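Numbering of ligands and ligand atoms starts at 1, following listing order. Here the structure is a predicted model, which is why all the values come from computation and not from measurement.
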Amino acid sequence: MTVSPAMEPTTASSPAVAPAASPEPAAREASARRFLMCRPEHFAVTYAINPWMDPDAGADRDRAVAQWEALRDAYLALGHRVELIEPVEGLPDMVFAANGALVVGGRVYGARFRHPERAAEGPAYAEWFRRNGFADVLEPEHVNEGEGDFLVLDDLILAGTGFRTDVAAHQEAQEFLGRPVVTLRLVDPRFYHLDTALFPLGGRNVAYYPGAFSPGSRAVLERLFPDALIADEADAVVLGLNAVCDGRHVVVNAEARGLIAQLRGRGYEPVPVDLSELRKAGGGPKCCTLEIRM
Ligand code: ARG
C-alpha cells in the first residue's frame, strides 16, 4: 500500500520521498516477552462468578490442558519466554495467570481477589515472585485482579473497574509503580475484566469493544486513542479482545474473524488459537498470560 505524504509541505525543497514513519501498515516489530503461565491441571467450573460460568455445563479438563499447551507452544514459537507457576488443587481458576499480579519495571503489585473462591491465588502468585528473586512485591490493601483489570501501555496504564477491581486499587497501583493510571468503567457483565474488552496494540494504540464501557469511559478512549481498532459485538462475545500483542503478532481466539481481518489490514500478524474450553470459565489467551516486565 502506498501512503501519500499528505501532511508533508510540498515545497520545492522537500525531497520527493515518503515520510520515514507512516503509522500503518508499516512493518510491525515484535519484541520478546517474558510470560508466567499456570497449567490447568485442576481446571474446572465448580462455581459461577461471571456470566460465562455454568457449573452444570461441564468443562473437559484434558481438552483445556491441550488447548493451553497449544497456547504456550505458540508463545515459544514466537520466541517468547514462558515460566510456570505450580497449579494448586482446589483453585480451578488459577490457570488465569493474568489475574495473579501486575508487574512493571520489576515491581510486583500483588492481587487481592473480589471473590472468596479465588482469594488464595493472590498469596500463591506473590510467593512465586518472592521465590524467583523479585524483592519489591506489594501486598495490596485494595481489591484488584492484576492484569485482568490493568493493561500496560508504553506511557500509561489503563485500569478497569465496575465488576472486580476497586478504583482505590488504581490509585494504589499508580503510587507503587509510578506510572499514570487511567480509570475506565465497565458496564456489561459479560466483560467483567478490562482484558475481556480491550487489548494494547504495539506503540500507543489499543483495540476495544465500545459497548463494554460507560459513556464517559468511551469518550476517554476516543480522546486517548483516536486511531483505535474498534471491534464489534460478534468478536467481543467470543472473547476476541482477550488477546496478546507483542508489537507484531496477535495471539487471539480463532473465532474472532472480523477482528482478525481488521488486524491483518493494519499490518499485524494474527496467531489464532482455540481456547474454547477455557472460555467456559470466561477466559481466553490473555487471561492465561501474565507478563513480567523488567
Ligand atoms: N473464572 C475467572 C473469573 O471469573 C476467569 C478469569 C479470567 N481472567 C481474566 N484475566 N479475564 O475470575
Side-chain angles (χ1 to χ4, degrees), residues 35-40 42-59 61 64 67-68 71 85 87-88 90-103 109-122 124-125 143-152 157-166 169 173 184 186 188-200 206-209 212-213 231 235-245 251-253 256 273 275-292:
F35 294 138
L36 178 61
M37 298 180 73
C38 179
R39 185 188 302 275
H42 306 294
F43 176 69
V45 180
T46 55
Y47 49 78
I49 55 172
N50 70 53
W52 301 84
M53 301 176 88
D54 175 2
D56 296 326
R61 183 175 299 154
Q67 293 178 345
W68 177 91
L71 174 66
I85 181 173
V88 175
L91 296 177
D93 273 336
M94 195 171 167
V95 55
F96 301 119
N99 299 127
L102 166 66
V103 188
Y109 178 58
R112 188 180 181 114
F113 284 80
R114 164 78 49 198
H115 299 98
E117 293 90 337
R118 299 195 67 187
E121 293 182 45
Y125 276 91
V143 170
N144 84 87
E145 299 197 349
E147 281 201 320
D149 272 323
F150 288 105
L151 295 171
V152 178
I157 296 175
L158 302 177
T161 191
F163 296 102
R164 300 288 180 91
T165 298
D166 284 335
L184 298 169
L186 298 162
D188 183 331
R190 295 173 299 175
F191 311 110
Y192 55 94
H193 277 141
L194 181 62
D195 74 355
T196 62
L198 182 149
F199 67 93
V206 298
Y208 67 98
Y209 168 55
F213 296 92
D235 290 325
V237 297
V238 292
L239 291 181
L241 291 152
N242 195 249
V244 176
C245 177
V251 177
V252 56
N253 274 338
V273 292
L275 286 188
S276 50
E277 214 51 41
L278 290 155
R279 194 163 49 224
K280 294 177 180 172
K286 170 59 205 169
C287 296
C288 296
T289 313
L290 174 57
E291 184 167 349
I292 300 173

* Asked: Taking both backbone and side-chain atoms of Cys287, is any N or O found less than 3.5 Å from an N or O belonging to ligand 1?
  -> no
* Starting from the C-alpha separation in whole Å, work towards a yes-or-no answer on side-chain contact (heavy atoms from CB on, under 4.5 Å) for Asp93 and Ile49. => CA-CA 11 Å; Asp93 273 336; Ile49 55 172; 4.1 Å; yes
* To do: Between Arg164 and ligand 1, find which residue part has any heavy-atom pair under 4.0 Å and reply side chain, backbone, both or neither.
  => side chain
* Check the pair Cys288 / Leu278 against side-chain contact (heavy atoms from CB on, under 4.5 Å), numbers first and verdict last. => CA-CA 9 Å; Cys288 296; Leu278 290 155; 4.0 Å; yes
* To do: Please name the pair of heavy atoms, one in His193 and one in Glu145, separated by the smallest distance, quoted to 0.1 Å.
  => NE2-OE1, 2.7 Å
* Nearest non-hydrogen protein atom, atom 2 (C) of ligand 1 -> Asp93 OD2, 3.3 Å
* Can you tell if the side chain of Arg279 reaches within under 4.5 Å of the side chain of Val238, non-hydrogen atoms only? -> yes
* ligand 1 versus Glu147: contacting region, heavy-atom distance under 4.0 Å -> neither
* To do: List every atom of ligand 1 that sits less than 4.0 Å from any heavy atom of Gly148, numbering the atoms from 1 in the order shown and giving each element.
  => 10 (N)
* To do: Output, in order, the C-alpha distance, side-chain angles, deciding distance and verdict of side-chain contact (heavy atoms from CB on, under 4.5 Å) for Phe163 and Arg114.
  => CA-CA 9 Å; Phe163 296 102; Arg114 164 78 49 198; over 6 Å; no
* Going by distance only, is there an N or O of Asn99 that falls short of 3.5 Å from an N or O of ligand 1? -> yes
* To do: Run the numbers for me: atoms of ligand 1, each under 4.0 Å from some heavy atom of Tyr192, listed by number.
  => 4 (O), 5 (C), 6 (C), 7 (C), 11 (N)
* Asked: Against heavy atoms of Met53, which atoms of ligand 1 measure under 4.0 Å?
  -> 1 (N)
* From atom 10 (N) of ligand 1, work out which of Val45, Asn50, Asp195, Val95 has a heavy atom at the shortest distance. => Asp195
* **Under 3.5 Å: donor-acceptor pair, side chain of Asn144, backbone of Gly110** => yes
* Asked: Where the side chain of Asn253 meets the backbone of Asn242, is there a donor-acceptor pair that is under 3.5 Å apart?
  -> no
* Per-atom contacts of ligand 1 with Ala281, taking only distances under 4.0 Å to non-hydrogen atoms -> 1 (N), 2 (C), 5 (C)
* Structure fact -> Note: Trp52, heavy atoms under 4.0 Å from ligand 1, region reported as neither
* Mark the output for Phe113 as yes if a heavy-atom distance to ligand 1 is under 4.0 Å, and as no if none is. => no
* Considering all heavy atoms of both residues, which atom of Tyr208 and which atom of Phe213 are nearest to each other, and what is their separation? -> CD1-CE1, 4.1 Å
* For side-chain contact (heavy atoms from CB on, under 4.5 Å), just list the numbers for Lys286 and Phe199, CA-CA rounded to whole Å, side-chain angles, deciding distance to a tenth of an Å, and then say yes or no. => CA-CA 9 Å; Lys286 170 59 205 169; Phe199 67 93; over 6 Å; no
* Structure fact -> Of Glu145, Glu117, Arg118, the residue with the heavy atom nearest atom 6 (C) of ligand 1 is Arg118
